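Below: the structure, in structure tokens.
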Amino acid sequence: MRAMRGVGAVAAGLATVVLVSGCGGGDGGDAKPTAASSSPPVSPSPSVVPPEPPPAKLTAEGKVDTLAEAEGWLPDEVASAYVADICATLTDQEESGAGAVQWLTLNETDAEHGAVLKAGVPLLCPEWSKTVTEVLGAGVRFYSDGTYRVTAKPGSAAEAIAPGVYRVSGALEDCYWERTSEGGEILDNGFATSARDITVTIAPSDGQFTARGCGVWKPVK
């Protein structure tokens with residue numbers, strides 16, 4: 001009988017433990033797990049792209065070099081440096097009394113260098129723009145010392161001159177000129193030890209025109 005009581009006592013104790021455990025959860029077996037709280041999703045901030053700096057403004061030299069590169073002028077030279085050198089030379093020639101027009105006519109009348117000067121001089125030394133336009137301007141050619149073949153269409157030939165009226169002016173000393181036939185006979189000539197203005201008319205029938213020590217002959221319009 002003690003054994004039965006002992007077993008009954010143990011069973012009663014277990015029942016008590018089970019009852020207490022069931023009550024400890026509050027709502028018992030019907031309790032539902034609480035969902036974990038979460039923060040609302042945060043959109044990533046868009047990446048900020050800094051604005052591109054404005055392109056650097058070209059200097060006058062840069063404009064000359066850019067144009068020369070685009071046109072294919074003077075591939076073996078720095079165009080702006082060439083123009084700057086010509087600007088300085090024109091000033092030196094004028095100050096020395098030799099004359100900027102005469103120097104430019106004698107030295108820089110080929111098409112490629114002329115194109116660079118007509119584009120670059122107004123940017124780098126605008127004070128010489130008029131002289132460059134006068135010497136290298138559209139369709140106008142000046143003539144210095146030399147012998148020229150007379151032809152109706154000289155084009156770009158350096159040794160040819162068109163018929164017409166030509167004039168040289170300034171402080172002229174020991175200026176000699178002559179017009180000759182195709183066979184070389186002198187048709188007209190002149191020599192001035194001192195003069196300020198000489199005008200010569202070259203006829204279509206002339207063969208050659210020659211000048212020595214006269215400076216620059218300009219066509220008279």
Side-chain angles (χ1 to χ4, degrees), residues 71-77 82-83 85-121 128-221:
E71 296 293 337
W73 296 332
L74 308 183
D76 298 326
E77 300 182 54
Y82 163 73
V83 174
D85 182 62
I86 296 300
C87 293
T89 302
L90 291 174
T91 300
D92 292 342
Q93 292 293 320
E94 193 68 17
E95 291 177 351
S96 69
V101 170
Q102 180 171 346
W103 182 87
L104 190 59
T105 303
L106 288 171
N107 294 279
E108 303 297 331
T109 54
D110 66 275
E112 186 176 19
H113 286 82
V116 175
L117 291 177
K118 285 188 286 186
V121 165
W128 289 114
S129 293
K130 183 178 179 180
T131 298
V132 168
T133 300
E134 185 181 13
V135 175
L136 306 174
V140 179
R141 284 189 60 187
F142 293 172
Y143 296 87
S144 55
D145 291 349
T147 296
Y148 301 93
R149 174 175 51 87
V150 179
T151 176
K153 297 180 179 180
S156 59
E159 73 283 357
I161 190 171
V165 180
Y166 294 84
R167 177 186 179 192
V168 64
S169 59
L172 307 175
E173 296 181 358
D174 299 332
C175 168
Y176 175 77
W177 61 267
E178 67 179 28
R179 295 167 44 227
T180 59
S181 67
E182 291 185 358
E185 296 87 0
I186 294 177
L187 304 173
D188 193 10
N189 66 349
F191 178 75
T193 56
S194 179
R196 296 194 61 81
D197 194 295
I198 299 173
T199 300
V200 174
T201 299
I202 300 175
S205 57
D206 289 355
Q208 291 79 224
F209 173 72
T210 298
R212 296 282 185 273
C214 299
V216 178
W217 295 87
K218 304 178 183 179
V220 178
K221 297 181 180 180

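Just so it is clear, the structure is predicted and the values come from calculations on it, not from any experiment.
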query = Considering residues at least two apart in sequence or located in another chain, which fulfil the side chain to side chain contact (heavy atoms under 4.5 Å, CB included) criterion with S205?
reply = A203
ask   = In Å, rounded to the nearest 0.5 Å, how long is the span from OG1 of T151 to CG of D206?
value = 12.0 Å
Interatomic spacing from CD in Q93 to OG1 in T131 - rounded to 0.5 Å = 12.5 Å
ask   = How about I198 and C214: do any of their side-chain heavy atoms sit closer than 4.5 Å?
value = no
query = Are any of the side-chain heavy atoms of K218 and V101 separated by less than 4.5 Å?
reply = yes
ask   = Which value, rounded to the nearest 0.5 Å, describes the distance between L74 atom CG and Y82 atom OH?
value = 7.0 Å
request  = Would you sort out whether T147 and R212 count as a side chain to side chain contact (heavy atoms under 4.5 Å, CB included), showing the intermediate values?
outcome  = CA-CA 9 Å; T147 296; R212 296 282 185 273; 3.8 Å; yes
request  = Compare every heavy atom of V83 with every heavy atom of G120, then report the nearest pair and how far apart it is.
outcome  = C-CG1, 3.7 Å
request  = For E185, check side chain to side chain donor-acceptor pair (under 3.5 Å) against everything at least two apart and list the hits.
outcome  = S181
ask   = Is there a side-chain contact between I86 and V132, using heavy atoms and a 4.5 Å cut-off?
value = no
ask   = Just wondering, are more than 12 heavy atoms of other shown residues or ligands nearer than 6.0 Å to CD in E71?
value = yes
message = To check you understand the geometry: which heavy-atom pair defines the closest contact between V200 and F209, and what is its length?
response = CG1-CE1, 4.0 Å
inquiry  = Checking the side chain of E178 only, and the main-chain atoms of I186 only, is there a donor and an acceptor separated by less than 3.5 Å?
reply    = no
request  = Say whether, by atom type as modelled, one donor and one acceptor occur between the side chain of R179 and the main chain of T201 under 3.5 angstrom.
outcome  = yes
inquiry  = I'd like to check the side chain to side chain donor-acceptor pair (under 3.5 Å) partners of T91; sequence neighbours left out, ordered by chain and number.
reply    = W128
ask   = Quick one: does P154's side chain get under 4.5 Å of I161's, heavy atoms only?
value = no
inquiry  = Tell me the closest heavy-atom pair linking V150 and P163, and the distance in Å.
reply    = CG1-CG, 4.0 Å
Anything under 3.5 Å between a donor and an acceptor, one on a side chain of residues 187-197, the other on a protein residue two or more places apart or in another chain? List them.
unit_1, atom_1, unit_2, atom_2, d
N189, ND2, Y176, OH, 3.3
D197, OD1, R167, NE, 3.4
D197, OD2, R167, NE, 2.6
D197, OD2, R167, NH2, 2.4

ask   = Considering only heavy atoms from C-beta outward, does the side chain of T210 approach that of T180 to under 4.5 Å?
value = no
remark   = Between H113 and E77, the two heavy atoms sitting closest are NE2-OE2, 3.6 Å
query = Taking only residues two or more places apart in sequence or in another chain, which ones pass side chain to side chain contact (heavy atoms under 4.5 Å, CB included) with E173?
reply = none
Pairwise distance CG(D145) to CH2(W177) - rounded to 0.5 angstrom = 14.5 Å
ask   = Measuring from Y143:OH to Y148:OH, what's the distance to the nearest 0.5 Å?
value = 7.5 Å
request  = Kindly write out the residues that satisfy side chain to side chain contact (heavy atoms under 4.5 Å, CB included) with A88, not counting sequence neighbours, or none if the list is empty.
outcome  = none
